[in-house]
Structure formats: C-alpha cells, structure tokens
Amino acid sequence: MADASSGANTNNAASTSNAEVQIQIPAGPSKAEAPAPPAGAPSKSSGAKSWRWWLMVSVDVFFLVAGQTSATLLGRYYYHQGGSSKWVSTFVQTAGFPILFLGLFCVPKQPSASGGGGSDTPVAKLVVIYIVLGLVIAADDMMYASGLKYLPVSTYSLICASQLAFNVVFAYVLNSQKLTGLILNAVVLLTLSDALLGANHDETEDTSGVSRRNYLMGFVLTLGASGTYSLILCLMQLTFENVIKKHTFTAVLNMQIYTALVATVASIIGLFASGEWRTVRGEMDTFQSGQFSYFMTLLWTAVSWQVTSVGVVGLVFEVSSLFSNVISTVALPIVPLFAVLIFHDKMDGIKVIAMLIAIWGFVSYLMQHYLDDKAARKASASADGGS
C-alpha cells in the first residue's frame, strides 16, 4: 500500500531556501512537530510561490485521499467478485510503478538543495537500501492484502488508523520527533479505537463467511501492516537525511520507483513460489463480473495505488512523513461509508463509536499541529523583525 510510496511536486526542488521543509522532521534546534515547516516555507518566498506551495500540497492531499479510497474499495471488490490470490493483490500494489517515470521525464534536472551535490552517495549503498526497503514494502503489501481478504472494508479501514500512532512512535525513535500531551492523547485514542474493532466480531458481519480465527488473523495482519508502513516512511526519511542528503523531487521519486521495483519482483517470486499462479486462470474464468472486469479491476487497482503513492511521497517531500500519515488517516473514515453503500458492510454502534474515537484522535493531533504552526509563525516573525 501501502505501502508505501509515490511522488509529486516539481517546483520546490529548485528552491534552496525551501529545502528544509521537504523531507526533514527535525528541521532545526527546536525539533518541533513535523508539520511546522509549512509555516516557514511561505514566509521565505514570494506571495506567488506561497500559493503555489499550498496548491501543490492540496493536490498531493487529493491524490492521497482519492487514490487510497479507490484502491481499497477496488481491492475489496477483487475479493468480493471471487478473487482469492493474496499474491496477485500484493503485486498490483506496486506493479504500476512504471507510470512514475512520467514524473522523471517531466522534471528538469536540478542541482541538489544540499551543498554536497548528488554524486557523493555510493551506488552500492543505495542499491542495498533500495533492496531492503523494497523487500519490507513487499511484506507490508502482503499483510495488507491478507487483512483486506479477511476483514470487511469498514473494519479494515478503521484498523489502518493505527498507522498514525505507530508513526509517532517511530518518528520519536528514528527522527527525534517531539512527543506532547496532545500527540500521546491521539495515540491512546487510536489504539482504543482498534481495540474496540478487534473485540467486535459478529459472525454475520461479513457475507463471505469469514471465521473468527481468520477475522482475528486479518486484524493482526492489518495492524502489523499499519506499523510496518509507518516504519517504512520513517526509514525513508532517515535515509534522505543521513545517506542521500539530497532534497530534490528526482531523488524522492527515484527511491519510490526502485523500491517499488524490488517489491514487485518479490511479489512475482512469491506468486510463483506459492503456486498461486496456477489459480490465476481459474480466477479469470470464475470472476463474477467477467474476465474484462477482472483485468480492469487489477489495472485500476494498480493505478490507484500509484496515485496514492504520488500523494504520499509528495507530502513527505513537501512536509514530512508524519504529516503524510496524518492525511492518510483523515481519509480512513471515508472508506467505511462507501463500503456500506457498495458492499453492504454492517455499520453497527461499536464501529460508529470506534470511528468517532479515531476522528477524535486525529483532531487531537491536528490541534498540536496548529499550535506548532502558530509558534513557528511567531518565531519566524520575530526573526524577521530582528534582522
């Protein structure tokens, strides 16, 4: 999913003064909340660049929300219509990466925003990083695919809200993220939301007749996938800060493309090693809506995940991995509403409460972001006045 992945802005890479807002969470001595840099970015540029920056962030947010919603619903549709291969579902989450080359072709070559240049990082080290991250992404996609197979879309989406809590923990350990009362409150609320869903399994909830054992397996796998996804984003950010040390859109997109390539190859190997490739032909023949619908479902699922990736990496590039994860969490309550309409998932009282608790946790995080943003603006104004 998640995976993890994507790209999207073409104008900030050219601005050295905006480099610190693109990837780093700890962008200075204060090590304040990750989304704080946006406050500084517009203040260092003209009014035109300010609205362009916000426009690109808005586009990235739209890509993430629209892509994640459609990819999740299409993934569930694949299982709902008779698809059963977890490796095929894993494969399509990264197989659409070639469309990201369009981004490379559209972006002119630009010097790195850091002073060290772009050729200092050994190629062998980059290859090892791409391979390791790609394999982790493949494992994460497999867990997401398994969770989506065993869980209703509404439950699956709400469990994915835990990725924000995981991201806060990993960002604290790996990226020196500051933890505040509001952030910890968000972590507790999101964890409570997941606990309610995990304990609330109704045997009649899913029309596919998933047993309690498979339901709990889906719950654990989805929870693990959420944690792994957050770890991937933090590791990518750490890699940019300490290894690549380049703050260009091309560098970000290269990482996404090559890690997705490794994940796709790993998925293909898993498909053949597991023997599931033998069932693909039968899936096409028995797909309830027909073979053409089967191919279109897989095609648009792959495209949707890459649209999601564009939004995810675009927000990492513009703001931070934590902010990207926050927007991903915002989109989660949208999916259950569509799942109720399309797949007739049951939306009982416990799910509604869990959704409200998750939204409360997100609002708690947003409040912290607002406070840090306000403090950053005040500090920027003071610095400008003193100079």
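Because only heavy atoms are used, hydrogens play no part in the values below, and waters and symmetry mates are left out as well, while side chains stay in. A quick note: this is a predicted structure, and the numbers were derived from the prediction, not measured.
- The closest donor-acceptor contact from the side chain of Ser230 to the backbone of Gln163 lies under 3.5 Å.
- A donor-acceptor pair under 3.5 Å is absent between the side-chain atoms of Thr259 and the main chain of Gly134, judged by distance alone.
- Residues Val123 and Ile257 are members of separate hydrophobic clusters, defined by side-chain heavy-atom contacts under 4.5 angstrom among Ile, Leu, Val, Met, Phe, Trp and Tyr.
- Partners of Ser70 under the side chain to side chain contact (heavy atoms under 4.5 Å, CB included) rule, at least two apart in sequence or in another chain, are Ser304.
- In this structure, Leu233 CG and Tyr229 OH are separated by 4.5 Å, a value rounded to the nearest 0.5 Å.
- Contacts of Thr264 classified as side-chain hydrogen bond (donor to acceptor under 3.5 Å, both in side chains), with partners at least two apart in sequence or in another chain: Thr94.
- Aromatic ring orientation, Tyr156 versus Tyr144: perpendicular (interplanar angle above 60°, classes split at 30° and 60°).
- A pairwise comparison of heavy atoms in Gly147 and Thr222 identifies CA-OG1, 3.2 Å as the closest pair.
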Please walk me through it: do Trp360 and Leu356 pass side chain to side chain contact (heavy atoms under 4.5 Å, CB included)?
CA-CA 6 Å; Trp360 183 7; Leu356 292 176; over 6 Å; no
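- Between Trp277 and Trp87 there is no side-chain heavy-atom pair separated by less than 4.5 Å.
- Under the rule for a side chain to side chain contact (heavy atoms under 4.5 Å, CB included), the partners of Gln81 that lie at least two apart in sequence or sit in another chain are Tyr77, Phe287, Gln288, Ser289.
- Rounded to the nearest 0.5 Å, atoms CG (Leu74) and CG (Leu298) are 9.5 Å apart.
- Partners of Asn185 by side-chain hydrogen bond (donor to acceptor under 3.5 Å, both in side chains), not counting sequence neighbours, listed by chain and number: Ser364.
- With hydrogens and angles disregarded, no donor-acceptor distance shorter than 3.5 Å links the side chain of Ser146 to the backbone of Met143.
- Linking ILVMFWY side-chain heavy atoms closer than 4.5 Å, directly or via other members, places Phe295 and Val303 in a single hydrophobic cluster.
- Applying the salt bridge (Lys or Arg N to Asp or Glu O under 4.0 Å) test to every pair with at least one member in residues 271-297, sequence neighbours left out, gives these pairs: Arg281-Asp285.
- Under the 4.5 Å side-chain heavy-atom criterion for grouping Ile, Leu, Val, Met, Phe, Trp and Tyr, Val132 is not connected to Val262 through any hydrophobic cluster.
- Smallest separation of non-hydrogen atoms from Thr301 and Gly75: OG1-N, 4.3 Å.
- In this structure, the side chain of Lys86 does not engage the main chain of Met142 through any donor-acceptor pair within 3.5 Å.
- Atom CG of Leu261 is separated from atom OH of Tyr130 by 11.5 Å, given to the nearest 0.5 angstrom.
- Separation of atoms CD1 (Ile159) and OG (Ser226) is listed at 8.0 Å; rounding is to 0.5 Å.
- Under the 4.5 Å side-chain heavy-atom criterion for grouping Ile, Leu, Val, Met, Phe, Trp and Tyr, Val127 is not connected to Val136 through any hydrophobic cluster.
- Under the 4.5 Å side-chain heavy-atom criterion for ILVMFWY residues, a single connected hydrophobic cluster contains both Phe105 and Tyr258.
- Contact detail for Met255 and Thr239: the closest heavy-atom pair is CE-CG2, 3.6 Å.
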Mind running side chain to side chain contact (heavy atoms under 4.5 Å, CB included) on Tyr294 and Leu299 for me, showing each step along the way?
CA-CA 9 Å; Tyr294 179 84; Leu299 172 64; over 6 Å; no
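- Atom CD1 of Ile244 sits about 9.5 Å away from atom CE of Met236, to the nearest 0.5 Å.
- Thr308 and Gly67 make their closest contact through OG1-C, 2.8 Å (heavy atoms, listed as atom of the first residue, atom of the second, distance).
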What verdict does the side chain to side chain contact (heavy atoms under 4.5 Å, CB included) test give for Phe97 and Gln306, after you've listed the backbone C-alpha separation in whole Å, the side-chain angles of each residue and the deciding distance to 0.1 Å?
CA-CA 6 Å; Phe97 73 90; Gln306 292 311 307; 4.2 Å; yes
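- Here Ala266 pairs with Leu135, Ala138 under the side chain to side chain contact (heavy atoms under 4.5 Å, CB included) rule; sequence neighbours left out.
- Nearest heavy atoms, Ser85 versus Tyr79: O-OH, 4.1 Å.
- Heavy-atom minimum distance, Ser274 versus Leu271: OG-O, 3.2 Å.
- Between the CZ atom of Phe170 and the CG atom of Leu231 there is a distance of 4.5 Å, given to the nearest 0.5 Å.
- No side-chain heavy atom of Asp141 sits less than 4.5 Å from a side-chain heavy atom of Trp305.
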